[in-house]
Amino acid sequence: MTSYFVYYRVEAGRVASLRDEVHRMFRTIEAATGVRGRWMRRRDESATYMEVYEAVGDEPAFESLLAREGAKLGLERHVERFIACA
């Protein structure tokens, strides 16, 4: 299974409205894939946020949905993919 980490920078004035958009996206992704996302902020950099998606099974379908839904946020997003070693 693969875990996805999506990070981006957010202007302070946009955080409140973006929170609703991100949670709407999480609901869409979870309904379609069963994967629940988490939203995090970097501890030492208040403008850097990350979405975390774990145990993704159907990677092609998930990536397509993530790209489509993520584009609606209007942010430059960076996606990293990791697999468990043990």
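Side-chain contact check for E51 versus M40: every heavy-atom pair is 4.5 Å or farther apart. Counting heavy atoms from C-beta on, the side chains of Y8 and V79 never come closer than 4.5 Å.
Atoms OH and CD, on Y7 and E76 in that order, are 9.5 Å from each other to the nearest 0.5 Å. Rounding to the nearest 0.5 Å gives a distance of 9.5 Å between CE of M50 and CD of E80. To the nearest 0.5 Å, the span separating CZ on R19 from CH2 on W39 amounts to 5.5 Å. The distance from the CD atom of E21 to the CD atom of E69 is 11.5 Å, given to the nearest 0.5 Å. With rounding to the nearest 0.5 Å, the separation of NE2 in H78 from CZ in R9 is 9.5 Å. Expressed to the nearest 0.5 Å, how far CZ of R81 lies from CD of E63 amounts to 4.0 Å.
Few gaps surround CD on E45; more than 12 heavy atoms of other groups in view lie less than 6.0 Å from it.
The two residues V10 and L18 have their closest heavy-atom pair at CG2-CD2, 3.4 Å. For the pair A55 and S3, the tightest heavy-atom approach, listed with the atom from each and the gap, is N-OG, 4.1 Å. Here the shortest heavy-atom pairing between A32 and L65 reads CB-CD2, 3.6 Å.
M1 and L66 are not part of a single hydrophobic cluster, where members link through side-chain heavy atoms under 4.5 Å apart. In terms of hydrophobic clustering, with Ile, Leu, Val, Met, Phe, Trp and Tyr side chains grouped at heavy-atom distances under 4.5 Å, Y49 and L73 are assigned to a common cluster. Under the 4.5 Å side-chain heavy-atom criterion for grouping Ile, Leu, Val, Met, Phe, Trp and Tyr, V6 is connected to V15 within one hydrophobic cluster. There is a path of hydrophobic side-chain contacts, each under 4.5 Å, that joins F82 to V52.
Side chain of T33 to main chain of I29: a donor-acceptor pair is present (N/O by atom type, distance under 3.5 Å, no hydrogens or angles). At least one donor-acceptor pair under 3.5 Å links the side chain of S17 to the backbone N or O of R14. In this structure a side-chain-to-backbone donor-acceptor pair under 3.5 Å is present from T28 to R24.
Side-chain contact of E54 with Y4: a donor-acceptor pair under 3.5 Å is absent, judged by distance alone.
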side-chain contact (heavy atoms from CB on, under 4.5 Å) between F62 and T2, intermediate numbers included: CA-CA 11 Å; F62 180 84; T2 301; over 6 Å; no

